[in-house]
Amino acid sequence: MKSNKVRVRFAPSPTGPLHIGGVRTAIFNYLFAMQNDGDFILRIEDTDRNRFVPGAEEYIIESLKWLGIEPTEGVGIEGAYGPYHQSERKEIYKKYANELIQSGHAYYAFDTPEELEMMRERLKVEKSSIQQYNAVTRVNMNNSLTKSEEEVNEKLANGTPYVIRLKLPDDEDIKFSDIVLGDFSFHSSQLDDKILFKSDGMPTYHLANVVDDHLMKITHVIRGSEWTNSTPSHILLYKYFGWENEMPTFAHMPLLLKPDGKGKLSKRDGDRLGFPVFPLEWVNPETKEISSGYKESGYFPDAFLNFLVLLGWNPGTTQEVFTKDELIKIFSIDRIGKSGSKFDLEKAKWFNHLYLQEKKTEDLVQEFKPILNEKRVKTDDEFLLDVLNLVKERATFVSDLWSLTSYFFEAPISYEAKAVKKKWKEDSPDLMTEIVTILKSTDDFSAANLEEVIKKHIEDNELHMGKVLNGIRLAIVGSASGPSVFEIMSLLSAEESIKRIERAVQTIKKN
RNA sequence: GGUCCGUUCGUCUAGUCAGGUCAGGACGCCAGGUUUUCAUCCUGGUAACAGGGGUUCGAAUCCCCUACGGACUACCA
């Protein structure tokens, strides 16, 4: 057993459904953990009560489950480093915040929102290069650094709302190295005195994140690059807590961008873009608004995962199709690209098509059954297996299967106008009547035999192959497309095929 | 505005660190082939180094500038 076991975490906040960017972050964390025989921890960062959305946490867990990237520890599983909801760890954060105050690396601030607003306005008007609460501006504000000890103690005693801010150094370069982005350096004067502890008794992300990652022995922080700019503050926190030597390795991943151009993909994009941005369907508990999900749209989880993992990462070879186990073997953080990517729905569909072809037809039969039930179609598995084997290669989604096969279960009640015009000629009824005669006298209704008999008839009478076969297709399918008519008739039975052709002869109007 | 990051076919990308194949693959698209049709499938094609300066015998690759794009700049994460 390695002493420094790899431990990574996926730490979403339950503010709504997980979008595909978050899903990708989870995938990368999962792959990295599995590759190193490490732990993959799910931590719920629910420190913002105002943004809490009921059902979001369950949604996150369900999504990971659907994709087959379940955590090995954390919310829903538990483990030795719990609790894993940050809201249940308030006391821990409080303790560490106080520790920072004791050591002089943090201070109380009593500024009201209005005062903060005024400060920002003033700095803006002055066109100051500094527009945040930091070493320069804090001296003019209402905090424990500018007030006397008595005043501070009085405020604290009488319940004046306060926050705890990180006291940044005046002049210090904060350096860190990121697996994806490389070496970084920020000057402390460009940073702000981040709020660590809010007046409602909850920590902010910055404090909770650092404390938890340390306490939970996280070795690698793999997160979205929207966190890059606040990482220096996190580094400082590790340093001030004396955890510098056990600091995790950082890897900031490029963001998923809106395909229509501007900005990072957000939860609000929903179906506005013409495709799902969520793994599972989501019903907004307040508005009841429904956002579609990849699962419900018919994507297979493994196909979706395969597609998603290639957004911003590649193995350095031309291989694009991977099983999860292969991914676990070959994934590497340092092959994650630096720039954001938009995604291509067409390619996602292509992956799904590919994965559908790889599925056993027996399994597709089972997946298809619910759709048939909905359509009130009664049939047996053996027949379904034959039917699906015939049309499988034409499908991208299981849901395509119905439109591809409906004529096997219901005789056409109408004939596609365009197909009639193109394929049903003046002599078609006579041609079809002849076919009926042949069919009636054929005992062997296998596709092979039908093909032989009918082709012989065509040759003997010097008929046009397309004309005859297209006519049959129109009669039994109702449209001009589909697999081999011999196969279809064979599966449909002699009786049904004859019935359909006879009906077509009577029904289709010549024009 | 400030700070940080990025920019190769329409899209995802290889190649950049260690400069030297008319820049490779995939999706899409187009064409041809297979097929009774429509798909699938097969073959081929289309299409990119953001722009400008350097350095060099030689630059997608190294340096500088510009443009464009993105992130952050909340008592949100």
Side-chain angles (χ1 to χ4, degrees), chain A residues 11-15 45-48 50-51 86 109 111-113 116 120 123-124 127-132 161-165 178 180-182 184-187 189-192 194-200 202-206 208-209 223-232 252 254-255 257 259 261-264 307 310-321 335 337-351 353 357 391-395 404 419 422-423 451 454-455 458 464-474 477 479-486:
Chain A
S13 55
T15 56
E45 310 219 325
D46 52 353
T47 53
D48 186 357
N50 301 321
R51 295 208 307 158
Q86 289 188 330
D111 314 275
T112 63
L116 290 170
R120 291 193 188 103
L123 293 169
K124 214 170 180 176
K127 288 200 160 68
S128 167
S129 65
I130 293 158
Q131 297 197 357
Q132 65 260 81
Y162 68 89
V163 298
I164 296 174
R165 284 183 182 268
D178 185 286
V180 175
L181 270 9
F184 268 81
S185 176
F186 286 81
H187 192 85
S189 65
Q190 294 149 189
L191 274 24
D192 63 341
K194 290 215 169 0
I195 291 176
L196 301 176
F197 206 81
K198 299 183 277 187
S199 57
D200 66 356
M202 281 291 201
T204 59
Y205 173 88
H206 305 102
N209 195 261
R223 77 218 311 188
S225 71
E226 70 265 32
W227 296 109
T228 310
N229 285 11
S230 50
T231 303
H252 288 96
L255 270 10
L257 275 15
K262 308 283 178 197
K264 68 171 173 177
F307 164 70
L310 253 12
L311 249 32
W313 174 85
N314 75 81
T317 66
T318 56
Q319 186 181 359
E320 289 197 307
V321 181
R335 287 205 63 88
K338 292 184 186 180
S339 46
S341 36
K342 308 172 191 166
F343 71 78
D344 184 1
L345 191 67
E346 290 306 320
K347 189 139 189 183
K349 284 183 190 167
W350 176 78
F351 269 110
H353 178 259
Q357 303 317 312
V391 303
K392 183 181 173 181
E393 63 185 23
R394 318 165 83 91
L404 250 21
K422 214 172 157 192
K423 311 288 188 187
E451 179 163 3
I454 292 175
K455 281 192 171 169
I458 291 170
H464 187 264
M465 180 97 87
K467 216 173 194 178
V468 176
L469 298 179
N470 286 329
I472 299 175
R473 178 186 310 284
L474 183 62
V477 174
S479 77
S481 63
S484 157
V485 288
F486 307 115

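Atom set for the values below is all heavy atoms of this structure, side chains included, hydrogens, waters and symmetry mates excluded.
Ring pair Tyr205(A)/Trp227(A) is parallel by interplanar angle, where below 30° counts as parallel and above 60° as perpendicular.
Checked against salt bridge (Lys or Arg N to Asp or Glu O under 4.0 Å), Asp344(A) has no partners two or more places apart in sequence or in another chain. Evaluation of the side chain to side chain donor-acceptor pair (under 3.5 Å) rule for Asn470(A) yields no partner, not counting sequence neighbours. Remark: Lys338(A) pairs with no residue by the salt bridge (Lys or Arg N to Asp or Glu O under 4.0 Å) rule, at least two apart or across chains.
Across all strands, Lys349(A) comes closer than 4.0 Å to no nucleic acid atom at all (heavy-atom distances). Using a 4.0 Å heavy-atom distance criterion, Pro483(A) is classed as a base contact. In this structure, Phe184(A) reaches the sugar-phosphate backbone alone: every heavy-atom distance under 4.0 Å involves primed, P, OP1 or OP2 atoms, never a base.
In this entry the distance linking NZ of Lys338(A) with C1' of G70(B) reads 15 Å, nearest Å. Spacing between atom CD of Glu393(A) and atom C1' of C42(B) amounts to 13 Å, rounded to whole angstrom units.
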N/O to N/O distances under 3.5 Å, protein versus nucleotides 44-47 of chain B:
none

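When all heavy atoms of Ser225(A) and Thr228(A) are compared, the closest pair comes out as O-OG1, 2.8 Å.
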Between protein and nucleotides 72-77 of chain B, map the contacts as a letter string: B base, S sugar-phosphate only, - none, heavy atoms under 4.0 Å, written 5' to 3'. B-SBBB

What is the per-nucleotide protein-contact pattern of nucleotides 9-27 of chain B, from the 5' end, where B denotes a base atom under 4.0 Å from a protein heavy atom, S denotes such proximity for sugar-phosphate atoms only, and - denotes neither? -BSSSSS---------BBB

